[in-house]
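In what follows, chains carry the letters A, B, and so on, assigned in the order in which the sequence lines appear, proteins first and then strands, with residues in each chain numbered from 1. It should be emphasised that the depicted structure is a prediction, and the values quoted were computed from it without experimental measurement.
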Amino acid sequence: MAQGALPGFRDFYPQELAERAYIMSVWREVARRYAFVEYDGPPLEPLELYTKKSGEEIVGQLYNFDDKGGRQVALRPEMTPTVARMVGARANALRKPVRWFSIPQLFRYERQQKGRLREHYQLNVDIFGEASVAADAELMAAALDMMRAFGLGHDDVRARVSDRRLLRAVLTTIGAAEDAHEAVFAVIDKVERTPRAVSEEKLRAAGLEESATGKLFELLRVRTAAELRAVIGTTNRALDERLAEIEQYLDFTARLGVGEYVQLDLTIVRGLAYYTGIVFELFDAKGEFRAIAGGGRYDTLLASLGGVDLPALGFGMGDVVLGELLRARGLMKSAARPVEVWVAGGERTVDLQKVMSLAASLRAEGLAVEYSLRPQQIAKQFKAAATAGAKRAVIVPLATDAVGGTEYTIRDLDSGEQTKYPDADAVVRALAAAPGAR
RNA sequence: GUGACCGUAGCUCAAUUGGUCAGAGCACCGGACUGUGGCUCCGGGGGUUGCGGGUUCAAUUCCCGUCGGUCACCCCA
(Lines give C-alpha, C1' and ligand atoms only; values in the text may rest on other atoms or scores of the structure.)
Protein backbone atom coordinates (compact mmCIF):
# COMPACT_ATOMS: atom_id res chain seq x y z
CA MET A 1 0.00 0.00 0.00
CA ALA A 2 1.42 3.31 -1.04
CA GLN A 3 2.05 5.98 1.54
CA GLY A 4 -1.12 7.94 2.08
CA ALA A 5 -1.73 11.33 3.61
CA LEU A 6 -0.99 11.78 7.29
CA PRO A 7 -3.67 10.50 9.66
CA GLY A 8 -6.60 12.87 9.71
CA PHE A 9 -5.48 14.71 6.58
CA ARG A 10 -7.09 14.43 3.18
CA ASP A 11 -5.90 14.22 -0.39
CA PHE A 12 -8.37 16.05 -2.57
CA TYR A 13 -8.59 14.29 -5.92
CA PRO A 14 -10.38 16.32 -8.61
CA GLN A 15 -13.78 14.85 -7.72
CA GLU A 16 -13.37 15.67 -4.06
CA LEU A 17 -11.95 19.08 -4.74
CA ALA A 18 -14.94 19.81 -6.97
CA GLU A 19 -17.25 18.91 -4.10
CA ARG A 20 -15.31 21.06 -1.69
CA ALA A 21 -15.45 23.89 -4.19
CA TYR A 22 -19.19 23.44 -4.44
CA ILE A 23 -19.62 23.71 -0.68
CA MET A 24 -17.46 26.81 -0.56
CA SER A 25 -19.29 28.39 -3.47
CA VAL A 26 -22.60 28.04 -1.62
CA TRP A 27 -21.08 29.48 1.53
CA ARG A 28 -19.74 32.46 -0.38
CA GLU A 29 -22.95 33.04 -2.28
CA VAL A 30 -25.17 33.09 0.79
CA ALA A 31 -22.65 35.14 2.77
CA ARG A 32 -22.75 37.64 -0.08
CA ARG A 33 -26.53 37.84 0.09
CA TYR A 34 -26.22 38.77 3.75
CA ALA A 35 -23.59 41.37 2.95
CA PHE A 36 -20.78 39.64 4.77
CA VAL A 37 -17.36 40.35 3.31
CA GLU A 38 -14.49 37.89 3.16
CA TYR A 39 -11.15 38.18 4.94
CA ASP A 40 -8.34 35.82 5.83
CA GLY A 41 -5.41 35.62 8.20
CA PRO A 42 -2.23 33.57 8.56
CA PRO A 43 -2.51 29.80 8.94
CA LEU A 44 0.42 29.94 11.33
CA GLU A 45 0.10 32.03 14.48
CA PRO A 46 2.01 32.60 17.71
CA LEU A 47 1.19 29.79 20.12
CA GLU A 48 0.42 32.42 22.71
CA LEU A 49 -2.59 33.59 20.73
CA TYR A 50 -4.34 30.37 21.73
CA THR A 51 -2.93 29.70 25.19
CA LYS A 52 -3.94 33.19 26.26
CA LYS A 53 -7.55 32.44 25.51
CA SER A 54 -7.80 28.76 26.35
CA GLY A 55 -4.98 28.01 28.76
CA GLU A 56 -1.95 25.76 28.49
CA GLU A 57 -4.05 22.58 28.25
CA ILE A 58 -4.92 23.43 24.70
CA VAL A 59 -1.34 22.89 23.56
CA GLY A 60 -1.89 19.13 23.63
CA GLN A 61 -4.48 19.58 20.93
CA LEU A 62 -2.53 21.86 18.66
CA TYR A 63 -0.03 21.40 15.89
CA ASN A 64 2.70 23.52 17.41
CA PHE A 65 6.48 23.79 17.16
CA ASP A 66 9.35 26.20 17.50
CA ASP A 67 10.24 27.91 14.25
CA LYS A 68 13.82 28.57 13.15
CA GLY A 69 13.78 31.88 14.92
CA GLY A 70 12.89 30.19 18.19
CA ARG A 71 9.32 31.45 18.17
CA GLN A 72 6.63 29.18 19.52
CA VAL A 73 4.05 28.87 16.78
CA ALA A 74 0.95 26.82 16.02
CA LEU A 75 -1.20 25.99 13.02
CA ARG A 76 -4.47 27.78 13.69
CA PRO A 77 -7.08 25.56 15.38
CA GLU A 78 -9.74 28.23 15.15
CA MET A 79 -10.26 31.60 13.57
CA THR A 80 -11.73 33.62 16.41
CA PRO A 81 -8.48 34.83 18.01
CA THR A 82 -7.18 35.89 14.62
CA VAL A 83 -10.28 37.81 13.65
CA ALA A 84 -10.50 39.31 17.11
CA ARG A 85 -6.97 40.64 16.66
CA MET A 86 -7.70 41.97 13.20
CA VAL A 87 -10.90 43.70 14.23
CA GLY A 88 -9.31 45.01 17.41
CA ALA A 89 -6.43 46.57 15.50
CA ARG A 90 -8.75 48.66 13.36
CA ALA A 91 -11.81 48.79 15.56
CA ASN A 92 -12.20 52.54 15.27
CA ALA A 93 -11.88 52.63 11.53
CA LEU A 94 -14.32 49.86 10.72
CA ARG A 95 -17.92 50.64 9.90
CA LYS A 96 -20.18 48.99 12.46
CA PRO A 97 -21.55 46.51 12.56
CA VAL A 98 -18.64 44.63 11.08
CA ARG A 99 -19.91 41.68 9.04
CA TRP A 100 -17.07 39.41 8.08
CA PHE A 101 -16.64 35.83 6.98
CA SER A 102 -13.72 33.57 6.21
CA ILE A 103 -13.11 30.00 5.10
CA PRO A 104 -9.86 29.02 6.83
CA GLN A 105 -8.33 25.58 6.91
CA LEU A 106 -8.00 24.74 10.60
CA PHE A 107 -5.85 22.16 12.35
CA ARG A 108 -6.23 20.19 15.50
CA TYR A 109 -3.98 17.47 16.84
CA GLU A 110 -6.57 14.96 17.93
CA ARG A 111 -7.36 11.39 17.14
CA GLN A 112 -9.71 11.36 14.19
CA GLN A 113 -13.20 9.94 14.20
CA LYS A 114 -16.42 10.33 12.30
CA GLY A 115 -16.91 13.92 11.20
CA ARG A 116 -13.75 14.93 12.90
CA LEU A 117 -10.33 15.03 11.26
CA ARG A 118 -7.10 16.79 12.06
CA GLU A 119 -7.76 19.37 9.41
CA HIS A 120 -10.89 20.88 7.97
CA TYR A 121 -12.20 23.95 6.23
CA GLN A 122 -14.54 25.92 8.38
CA LEU A 123 -16.72 28.79 7.37
CA ASN A 124 -16.58 31.48 10.04
CA VAL A 125 -19.20 34.20 10.03
CA ASP A 126 -19.06 36.97 12.61
CA ILE A 127 -20.68 40.25 13.49
CA PHE A 128 -18.84 42.78 15.64
CA GLY A 129 -20.18 45.88 17.30
CA GLU A 130 -23.87 45.10 17.65
CA ALA A 131 -25.46 44.08 20.95
CA SER A 132 -29.04 43.72 19.75
CA VAL A 133 -30.66 40.30 19.37
CA ALA A 134 -31.41 41.37 15.82
CA ALA A 135 -27.77 40.56 15.13
CA ASP A 136 -28.21 37.11 16.67
CA ALA A 137 -31.22 36.52 14.47
CA GLU A 138 -29.36 37.76 11.41
CA LEU A 139 -26.56 35.31 12.08
CA MET A 140 -28.96 32.42 12.50
CA ALA A 141 -30.78 33.35 9.32
CA ALA A 142 -27.52 33.32 7.39
CA ALA A 143 -26.61 29.87 8.72
CA LEU A 144 -30.03 28.47 7.91
CA ASP A 145 -30.21 30.07 4.49
CA MET A 146 -27.05 28.17 3.75
CA MET A 147 -28.79 24.95 4.72
CA ARG A 148 -31.61 25.89 2.39
CA ALA A 149 -29.18 26.71 -0.40
CA PHE A 150 -27.72 23.22 -0.07
CA GLY A 151 -31.20 21.78 -0.45
CA LEU A 152 -31.67 20.97 3.24
CA GLY A 153 -35.15 21.90 4.40
CA HIS A 154 -36.50 22.20 7.90
CA ASP A 155 -37.32 18.50 7.79
CA ASP A 156 -33.62 17.78 7.37
CA VAL A 157 -32.03 20.30 9.71
CA ARG A 158 -32.88 21.57 13.16
CA ALA A 159 -31.54 24.72 14.71
CA ARG A 160 -31.44 24.35 18.48
CA VAL A 161 -31.14 27.59 20.39
CA SER A 162 -30.41 28.41 23.97
CA ASP A 163 -29.24 31.41 25.92
CA ARG A 164 -26.80 31.18 28.75
CA ARG A 165 -28.28 34.12 30.58
CA LEU A 166 -31.75 32.68 30.18
CA LEU A 167 -30.50 29.38 31.49
CA ARG A 168 -28.94 31.10 34.49
CA ALA A 169 -32.19 32.90 35.21
CA VAL A 170 -34.05 29.61 34.92
CA LEU A 171 -31.63 27.87 37.27
CA THR A 172 -31.92 30.63 39.80
CA THR A 173 -35.68 30.53 39.55
CA ILE A 174 -35.87 26.81 40.27
CA GLY A 175 -33.57 27.25 43.23
CA ALA A 176 -30.09 26.39 42.02
CA ALA A 177 -27.44 28.41 43.80
CA GLU A 178 -25.30 30.77 41.74
CA ASP A 179 -22.08 28.89 42.46
CA ALA A 180 -23.61 25.66 41.20
CA HIS A 181 -24.43 27.01 37.74
CA GLU A 182 -21.18 26.09 36.04
CA ALA A 183 -21.41 22.52 37.28
CA VAL A 184 -25.02 22.32 36.15
CA PHE A 185 -24.02 23.63 32.70
CA ALA A 186 -21.52 20.82 32.41
CA VAL A 187 -24.18 18.24 33.25
CA ILE A 188 -26.68 19.76 30.83
CA ASP A 189 -24.11 19.82 28.07
CA LYS A 190 -23.88 16.04 28.26
CA VAL A 191 -27.37 15.15 29.36
CA GLU A 192 -28.31 13.74 25.97
CA ARG A 193 -25.61 11.09 25.95
CA THR A 194 -25.65 10.34 29.66
CA PRO A 195 -28.03 8.02 31.52
CA ARG A 196 -30.50 10.08 33.49
CA ALA A 197 -29.51 8.48 36.80
CA VAL A 198 -25.91 9.56 36.28
CA SER A 199 -26.94 13.11 35.49
CA GLU A 200 -29.18 13.20 38.54
CA GLU A 201 -26.35 12.06 40.75
CA LYS A 202 -24.08 14.77 39.39
CA LEU A 203 -26.75 17.40 39.92
CA ARG A 204 -27.19 16.24 43.48
CA ALA A 205 -23.45 16.51 43.96
CA ALA A 206 -23.65 20.06 42.61
CA GLY A 207 -26.11 20.86 45.36
CA LEU A 208 -29.42 20.73 43.54
CA GLU A 209 -32.48 19.66 45.45
CA GLU A 210 -34.55 16.72 44.30
CA SER A 211 -37.44 18.95 43.24
CA ALA A 212 -35.16 21.31 41.32
CA THR A 213 -33.60 18.38 39.49
CA GLY A 214 -36.98 17.07 38.43
CA LYS A 215 -38.00 20.52 37.25
CA LEU A 216 -34.77 20.90 35.33
CA PHE A 217 -35.33 17.69 33.39
CA GLU A 218 -38.80 18.92 32.50
CA LEU A 219 -37.39 22.21 31.32
CA LEU A 220 -34.78 20.53 29.16
CA ARG A 221 -37.57 18.92 27.15
CA VAL A 222 -39.21 22.26 26.41
CA ARG A 223 -39.00 23.42 22.77
CA THR A 224 -40.83 26.75 22.71
CA ALA A 225 -40.82 29.88 24.84
CA ALA A 226 -44.50 29.38 25.64
CA GLU A 227 -43.85 25.87 26.94
CA LEU A 228 -41.00 27.20 29.01
CA ARG A 229 -43.24 29.80 30.59
CA ALA A 230 -45.87 27.17 31.32
CA VAL A 231 -43.50 24.62 32.82
CA ILE A 232 -41.58 27.00 35.03
CA GLY A 233 -44.80 28.44 36.44
CA THR A 234 -43.53 31.26 38.60
CA THR A 235 -41.56 34.18 37.30
CA ASN A 236 -39.39 37.10 38.32
CA ARG A 237 -37.88 40.14 36.76
CA ALA A 238 -34.60 38.64 35.56
CA LEU A 239 -36.37 35.68 34.02
CA ASP A 240 -38.96 37.93 32.36
CA GLU A 241 -36.27 40.00 30.71
CA ARG A 242 -34.53 36.97 29.35
CA LEU A 243 -37.75 35.38 28.17
CA ALA A 244 -38.79 38.55 26.43
CA GLU A 245 -35.47 38.69 24.66
CA ILE A 246 -35.50 35.10 23.46
CA GLU A 247 -39.06 35.57 22.29
CA GLN A 248 -38.03 38.59 20.30
CA TYR A 249 -35.16 36.62 18.86
CA LEU A 250 -37.47 33.81 17.82
CA ASP A 251 -39.83 36.33 16.26
CA PHE A 252 -36.96 37.94 14.35
CA THR A 253 -35.77 34.62 12.94
CA ALA A 254 -39.32 33.99 11.76
CA ARG A 255 -39.43 37.40 10.09
CA LEU A 256 -36.19 36.58 8.36
CA GLY A 257 -37.82 33.50 6.91
CA VAL A 258 -36.16 30.69 8.82
CA GLY A 259 -38.53 30.30 11.75
CA GLU A 260 -39.55 26.76 10.84
CA TYR A 261 -36.03 25.54 11.47
CA VAL A 262 -35.61 27.08 14.90
CA GLN A 263 -36.50 25.62 18.24
CA LEU A 264 -35.64 26.53 21.79
CA ASP A 265 -33.54 23.87 23.46
CA LEU A 266 -31.91 24.48 26.82
CA THR A 267 -29.65 21.44 26.43
CA ILE A 268 -27.47 23.43 24.06
CA VAL A 269 -24.57 24.81 26.06
CA ARG A 270 -21.67 24.92 23.57
CA GLY A 271 -18.74 23.73 25.60
CA LEU A 272 -17.75 25.88 28.50
CA ALA A 273 -15.90 28.50 26.58
CA TYR A 274 -16.49 32.16 26.07
CA TYR A 275 -20.12 32.36 25.06
CA THR A 276 -22.13 34.97 26.90
CA GLY A 277 -25.61 34.97 25.41
CA ILE A 278 -27.63 33.20 22.77
CA VAL A 279 -25.94 30.05 21.51
CA PHE A 280 -27.05 27.62 18.84
CA GLU A 281 -26.19 24.46 17.02
CA LEU A 282 -27.44 23.04 13.74
CA PHE A 283 -28.11 19.32 13.54
CA ASP A 284 -29.45 16.95 10.95
CA ALA A 285 -33.00 16.09 11.95
CA LYS A 286 -32.32 12.35 12.14
CA GLY A 287 -29.50 12.87 14.60
CA GLU A 288 -27.06 10.75 12.59
CA PHE A 289 -24.24 13.25 12.50
CA ARG A 290 -22.34 15.59 14.70
CA ALA A 291 -23.36 19.23 14.81
CA ILE A 292 -23.23 20.81 11.37
CA ALA A 293 -22.60 24.27 12.74
CA GLY A 294 -22.50 26.06 16.03
CA GLY A 295 -22.04 29.50 17.40
CA GLY A 296 -23.31 32.26 19.56
CA ARG A 297 -22.57 35.51 21.26
CA TYR A 298 -19.24 36.22 22.91
CA ASP A 299 -19.48 39.84 23.99
CA THR A 300 -16.55 39.84 26.39
CA LEU A 301 -13.97 37.97 24.38
CA LEU A 302 -12.40 40.86 22.51
CA ALA A 303 -11.86 42.81 25.68
CA SER A 304 -10.48 39.78 27.51
CA LEU A 305 -7.96 39.23 24.73
CA GLY A 306 -6.68 42.67 25.49
CA GLY A 307 -8.41 44.39 22.64
CA VAL A 308 -11.30 46.76 22.36
CA ASP A 309 -14.57 46.21 24.14
CA LEU A 310 -16.85 45.27 21.28
CA PRO A 311 -19.85 42.98 21.45
CA ALA A 312 -19.42 40.06 19.09
CA LEU A 313 -21.11 36.95 17.83
CA GLY A 314 -20.43 34.34 15.22
CA PHE A 315 -20.70 30.79 14.08
CA GLY A 316 -18.59 28.13 12.45
CA MET A 317 -19.57 25.50 9.92
CA GLY A 318 -17.10 22.84 8.85
CA ASP A 319 -16.87 21.05 5.53
CA VAL A 320 -16.56 17.54 6.98
CA VAL A 321 -19.88 16.92 8.71
CA LEU A 322 -21.71 19.01 6.15
CA GLY A 323 -20.15 16.97 3.37
CA GLU A 324 -21.12 13.71 5.04
CA LEU A 325 -24.69 14.90 5.40
CA LEU A 326 -24.98 16.16 1.82
CA ARG A 327 -23.63 12.89 0.48
CA ALA A 328 -25.97 10.85 2.67
CA ARG A 329 -28.95 12.85 1.41
CA GLY A 330 -27.91 12.75 -2.22
CA LEU A 331 -27.44 16.50 -2.24
CA MET A 332 -23.73 16.68 -2.89
CA LYS A 333 -22.99 18.48 -6.10
CA SER A 334 -19.79 19.16 -7.87
CA ALA A 335 -18.32 22.41 -9.02
CA ALA A 336 -16.28 20.61 -11.68
CA ARG A 337 -15.97 22.38 -14.99
CA PRO A 338 -16.26 19.79 -17.74
CA VAL A 339 -14.71 19.89 -21.16
CA GLU A 340 -16.85 22.10 -23.36
CA VAL A 341 -15.46 21.20 -26.75
CA TRP A 342 -13.47 18.21 -27.95
CA VAL A 343 -11.61 18.67 -31.18
CA ALA A 344 -11.17 15.51 -33.25
CA GLY A 345 -9.21 15.07 -36.43
CA GLY A 346 -7.25 12.61 -38.55
CA GLU A 347 -4.59 10.11 -37.64
CA ARG A 348 -1.48 11.85 -38.84
CA THR A 349 0.68 14.58 -37.43
CA VAL A 350 -0.51 17.08 -40.06
CA ASP A 351 -4.05 16.41 -38.86
CA LEU A 352 -3.05 16.96 -35.25
CA GLN A 353 -1.56 20.29 -36.29
CA LYS A 354 -4.91 21.39 -37.72
CA VAL A 355 -6.63 20.24 -34.55
CA MET A 356 -4.21 22.28 -32.47
CA SER A 357 -4.82 25.42 -34.47
CA LEU A 358 -8.56 25.16 -34.01
CA ALA A 359 -8.16 24.33 -30.31
CA ALA A 360 -6.07 27.46 -29.87
CA SER A 361 -8.71 29.63 -31.52
CA LEU A 362 -11.50 28.15 -29.41
CA ARG A 363 -9.49 28.56 -26.23
CA ALA A 364 -8.89 32.19 -27.12
CA GLU A 365 -12.68 32.52 -27.03
CA GLY A 366 -12.69 31.20 -23.49
CA LEU A 367 -13.92 27.68 -24.20
CA ALA A 368 -12.61 24.65 -22.31
CA VAL A 369 -11.06 22.58 -25.07
CA GLU A 370 -9.36 19.21 -25.13
CA TYR A 371 -8.18 16.89 -27.90
CA SER A 372 -6.17 13.69 -28.26
CA LEU A 373 -2.53 14.52 -27.73
CA ARG A 374 -1.40 11.88 -30.17
CA PRO A 375 -2.89 11.17 -33.56
CA GLN A 376 -5.29 8.24 -33.35
CA GLN A 377 -8.34 6.75 -34.97
CA ILE A 378 -11.27 9.08 -34.92
CA ALA A 379 -13.37 6.44 -33.15
CA LYS A 380 -10.81 6.46 -30.39
CA GLN A 381 -10.96 10.21 -30.18
CA PHE A 382 -14.71 10.15 -29.82
CA LYS A 383 -14.46 7.56 -27.12
CA ALA A 384 -12.08 9.84 -25.26
CA ALA A 385 -14.43 12.79 -25.78
CA ALA A 386 -17.31 10.84 -24.27
CA THR A 387 -15.23 9.70 -21.31
CA ALA A 388 -14.13 13.26 -20.69
CA GLY A 389 -17.76 14.31 -20.56
CA ALA A 390 -17.40 16.77 -23.43
CA LYS A 391 -20.58 18.49 -24.47
CA ARG A 392 -19.65 18.87 -28.13
CA ALA A 393 -17.06 17.71 -30.58
CA VAL A 394 -15.67 19.39 -33.65
CA ILE A 395 -14.50 17.18 -36.49
CA VAL A 396 -11.66 18.75 -38.39
CA PRO A 397 -11.35 17.74 -42.06
CA LEU A 398 -8.29 15.75 -43.08
CA ALA A 399 -5.27 17.83 -43.92
CA THR A 400 -4.64 16.28 -47.31
CA ASP A 401 -7.06 13.66 -48.64
CA ALA A 402 -10.58 14.73 -49.40
CA VAL A 403 -12.15 11.79 -47.61
CA GLY A 404 -15.02 13.20 -45.63
CA GLY A 405 -14.87 16.49 -47.50
CA THR A 406 -13.30 19.79 -46.49
CA GLU A 407 -16.01 20.96 -44.15
CA TYR A 408 -15.87 21.16 -40.38
CA THR A 409 -18.57 19.47 -38.33
CA ILE A 410 -19.85 20.36 -34.90
CA ARG A 411 -21.49 17.42 -33.20
CA ASP A 412 -23.58 17.61 -30.05
CA LEU A 413 -22.44 14.59 -28.14
CA ASP A 414 -25.66 14.24 -26.18
CA SER A 415 -28.15 14.46 -29.03
CA GLY A 416 -25.91 13.36 -31.89
CA GLU A 417 -27.04 16.37 -33.86
CA GLN A 418 -24.45 17.59 -36.38
CA THR A 419 -23.98 20.81 -38.28
CA LYS A 420 -21.42 21.48 -41.01
CA TYR A 421 -19.36 24.65 -41.43
CA PRO A 422 -17.19 25.69 -44.38
CA ASP A 423 -14.08 26.60 -42.39
CA ALA A 424 -12.46 26.91 -38.97
CA ASP A 425 -13.46 30.53 -38.52
CA ALA A 426 -17.11 29.65 -38.94
CA VAL A 427 -16.72 26.96 -36.28
CA VAL A 428 -15.12 29.38 -33.85
CA ARG A 429 -17.85 31.93 -34.46
CA ALA A 430 -20.58 29.35 -33.96
CA LEU A 431 -19.16 27.96 -30.72
CA ALA A 432 -18.19 31.34 -29.28
CA ALA A 433 -21.70 32.63 -29.92
CA ALA A 434 -23.31 29.67 -28.20
CA PRO A 435 -21.55 29.31 -24.87
CA GLY A 436 -23.44 27.63 -22.05
CA ALA A 437 -21.67 24.46 -23.10
CA ARG A 438 -22.07 23.17 -19.62
C1' G B 1 -4.24 9.67 25.71
C1' U B 2 -7.93 5.01 26.72
C1' G B 3 -10.93 0.95 24.72
C1' A B 4 -13.38 -2.18 20.90
C1' C B 5 -13.50 -3.94 15.94
C1' C B 6 -11.01 -4.15 11.27
C1' G B 7 -6.68 -4.13 7.24
C1' U B 8 -6.44 -9.04 0.07
C1' A B 9 -5.33 -5.01 -6.91
C1' G B 10 -7.41 2.39 -7.69
C1' C B 11 -12.81 0.69 -5.88
C1' U B 12 -16.31 -3.46 -4.11
C1' C B 13 -15.19 -8.18 -2.65
C1' A B 14 -13.71 -13.99 -3.16
C1' A B 15 -10.19 -17.79 -1.73
C1' U B 16 -13.08 -25.37 1.81
C1' U B 17 -11.22 -27.20 8.87
C1' G B 18 -3.88 -23.21 7.67
C1' G B 19 -2.04 -27.05 1.82
C1' U B 20 -1.47 -24.30 -6.65
C1' C B 21 -5.57 -19.24 -3.36
C1' A B 22 -3.44 -14.84 -5.10
C1' G B 23 -8.88 -14.41 -8.10
C1' A B 24 -13.66 -11.85 -10.00
C1' G B 25 -16.46 -7.49 -11.19
C1' C B 26 -15.91 -2.26 -11.88
C1' A B 27 -12.19 1.33 -13.33
C1' C B 28 -7.79 2.15 -16.46
C1' C B 29 -4.92 0.99 -21.17
C1' G B 30 -4.92 -1.60 -25.94
C1' G B 31 -7.34 -4.42 -30.00
C1' A B 32 -11.83 -6.06 -32.95
C1' C B 33 -13.91 -0.73 -35.57
C1' U B 34 -8.83 2.54 -41.55
C1' G B 35 -13.46 9.70 -40.62
C1' U B 36 -17.76 9.62 -35.70
C1' G B 37 -18.39 8.09 -29.17
C1' G B 38 -21.07 6.12 -24.67
C1' C B 39 -23.16 -1.12 -26.34
C1' U B 40 -20.63 -5.89 -27.20
C1' C B 41 -16.40 -9.20 -27.55
C1' C B 42 -11.08 -10.11 -26.77
C1' G B 43 -6.50 -8.90 -24.48
C1' G B 44 -3.18 -6.13 -21.05
C1' G B 45 -0.93 -3.53 -16.90
C1' G B 46 -1.59 -3.43 -11.59
C1' G B 47 -1.26 -6.83 -5.31
C1' U B 48 6.08 -8.98 -1.55
C1' U B 49 -2.40 -10.52 0.84
C1' G B 50 -0.45 -2.91 5.46
C1' C B 51 4.52 -3.80 7.62
C1' G B 52 7.88 -6.77 10.93
C1' G B 53 8.56 -11.01 13.70
C1' G B 54 6.84 -15.96 15.47
C1' U B 55 4.33 -21.06 15.29
C1' U B 56 4.23 -24.90 11.25
C1' C B 57 6.54 -29.39 6.41
C1' A B 58 3.19 -25.28 4.71
C1' A B 59 -0.15 -18.91 6.44
C1' U B 60 -4.11 -14.37 3.23
C1' U B 61 -6.01 -17.88 6.77
C1' C B 62 -3.07 -18.99 13.90
C1' C B 63 -0.01 -15.77 17.74
C1' C B 64 2.73 -11.10 19.06
C1' G B 65 4.25 -6.28 17.79
C1' U B 66 3.79 -2.08 14.76
C1' C B 67 1.48 1.20 11.31
C1' G B 68 -3.13 2.49 9.31
C1' G B 69 -8.67 2.54 9.24
C1' U B 70 -13.55 2.65 11.73
C1' C B 71 -16.33 3.61 16.12
C1' A B 72 -16.81 5.17 21.18
C1' C B 73 -14.58 7.84 25.44
C1' C B 74 -11.76 12.37 26.45
C1' C B 75 -12.29 17.07 24.14
C1' C B 76 -14.10 20.10 21.08
C1' A B 77 -13.95 22.74 15.27
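To the nearest whole angstrom, the two P atoms, one in B/rG31 and one in B/rG50, are 36 Å apart. If you take atom P in B/rC67 and the same atom in B/rC51, they sit 15 Å apart, rounded to whole Å. Between B/rG25 and B/rU8, the two C1' atoms lie 15 Å apart (nearest whole Å). Straight-line distance between the P atoms of B/rC62 and B/rA15: roughly 13 Å, to the nearest whole Å. The P atoms of B/rC33 and B/rG38 are separated by 14 Å, rounded to the nearest whole Å. Annotation: B/rC26 and B/rG44 have their P atoms spaced 15 Å apart (nearest Å). Here, B/rA27 and B/rU40 have their P atoms 9 Å apart, quoted to the whole Å. As rounded to the nearest Å, B/rG52 and B/rG68 have C1' atoms that lie 14 Å from one another.
With rounding to whole Å, A/Y275 atom OH is found 11 Å from B/rC76 atom C1'. One atom, CD of A/E281, and another, C1' of B/rC76, lie 10 Å apart when rounded to the nearest Å. For the pair A/F283 CZ and B/rC76 P, the computed distance is 15 Å after rounding to whole Å. Rounded to whole angstrom, the span from the NZ atom of A/K420 across to the P atom of B/rU36 amounts to 11 Å. Atom CD in A/Q418 sits roughly 10 Å away from atom P in B/rG37 (whole-Å rounding). The interatomic distance linking A/F280 (CZ) with B/rA77 (C1') rounds to 14 Å, in whole Å. One interatomic measurement links the two molecules: CG of A/L62 to C1' of B/rC75, which rounds to 12 Å at whole-angstrom precision. When rounded to the nearest whole Å, the span between NE2 of A/H120 and P of B/rC75 equals 19 Å.
The pair A/R348-A/D351 counts as a salt bridge, with a side-chain nitrogen and a carboxylate oxygen less than 4.0 angstrom apart. Salt bridge A/K114/A/E324: absent, no basic N to carboxylate O contact under 4.0 Å.
Listed by first and then second residue, the salt bridge (Lys or Arg N to Asp or Glu O under 4.0 Å) pairs involving residues 362-387 of chain A amount to none (not counting sequence neighbours).
Contacts between residues 375-387 of chain A and RNA chain B, defined by a heavy-atom separation under 4.0 Å, are made by A/Q377, A/I378, A/A379, A/K380, A/F382, A/K383, A/A386, A/T387. Looking at residues 102-110 of chain A, you'll see A/R108, A/E110 sit with a heavy atom under 4.0 Å from some atom of RNA chain B.
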Run the side-chain donor-acceptor check on residues 123-130 of chain A: report pairs under 3.5 Å with partners two or more places apart or on a different chain.
from	atom 1	to	atom 2	distance (Å)
A/N124	ND2	A/Q122	O	3.0
A/N124	ND2	A/Q122	OE1	3.0
A/D126	OD1	A/Y298	OH	2.5
A/E130	OE2	A/S132	N	2.9

Taking only distance into account, with no hydrogens and no angle test, what donor-acceptor pairs under 3.5 Å do side-chain atoms of residues 151-160 of chain A form with protein atoms, sequence neighbours excluded?
from	atom 1	to	atom 2	distance (Å)
A/D156	OD2	A/G153	N	2.9
A/R158	NH2	A/H154	O	3.2
A/R160	NE	A/D265	OD2	2.7
A/R160	NH2	A/E192	OE1	3.4
A/R160	NH2	A/E192	OE2	2.7
A/R160	NH2	A/D265	OD2	3.0
A/R160	NH2	A/T267	OG1	3.2

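In this structure, A/R118 is not positioned above the aromatic face of A/Y63 in the sense of NZ or CZ being under 6.0 Å from the six-membered ring centre and within 45° of the axis.
Using modelled atom types, one finds a donor on one side chain and an acceptor on the other under 3.5 Å when comparing A/Q113 with A/R290.
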For this session: Could you walk me through whether A/M140 and A/F252 pass side-chain contact (heavy atoms from CB on, under 4.5 Å), step by step?
Result: CA-CA 10 Å; A/M140 174 64 98; A/F252 283 171; over 6 Å; no
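Under the side-chain contact (heavy atoms from CB on, under 4.5 Å) criterion, A/S372 pairs with A/W342, A/Q376, A/Q381, not counting sequence neighbours. For the side-chain contact (heavy atoms from CB on, under 4.5 Å) test, residues two or more places apart in sequence or in another chain that qualify with A/R221 are A/R196, A/E218. For the ring-ring contact (aromatic ring centres under 6.0 Å, His included) test, no residue two or more places apart in sequence or in another chain qualifies with A/Y34. A search for side-chain contact (heavy atoms from CB on, under 4.5 Å) contacts involving A/M332 returns A/E19, A/Y22, A/I23, A/L326, A/R327, not counting sequence neighbours. By the side-chain contact (heavy atoms from CB on, under 4.5 Å) test, A/P43 pairs with A/R76, sequence neighbours left out.
When atom types are taken as modelled, the side chain of A/R392 and the backbone of A/V341 share no donor-acceptor pair closer than 3.5 angstrom. One N or O on the side chain of A/T276 and one on the backbone of A/D299 form a donor-acceptor pair closer than 3.5 Å.
Using a 4.0 Å heavy-atom criterion, one finds that A/R374 contacts the sugar-phosphate atoms exclusively. No contact: A/G60 has no heavy atom under 4.0 Å from any strand. Residue A/V396 is in base contact, counting any heavy-atom pair closer than 4.0 Å across all strands shown.
Side-chain N/O atoms of A/E347 and base N/O atoms of B/rU34 include no donor-acceptor pair closer than 3.5 Å.
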With the criterion being N/O to N/O and under 3.5 Å, what pairs connect the protein with nucleotides 65-72 of chain B, and how long is each?
from	atom 1	to	atom 2	distance (Å)
B/rG69	OP1	A/Q112	NE2	2.8
B/rU70	OP2	A/Q112	OE1	3.1
B/rU70	OP2	A/Q112	NE2	3.2
B/rC71	OP2	A/K114	N	2.8

Exercise. Reading RNA chain B 5' to 3', how would its secondary structure be written in dot-bracket notation, given Watson-Crick and G-U pairs with both distances under 3.5 Å, brackets [ ] for crossing pairs and | for partners on other strands?
Worked result: (((((((..((((.....[...)))).(((((.......))))).....(((((..]....))))))))))))....
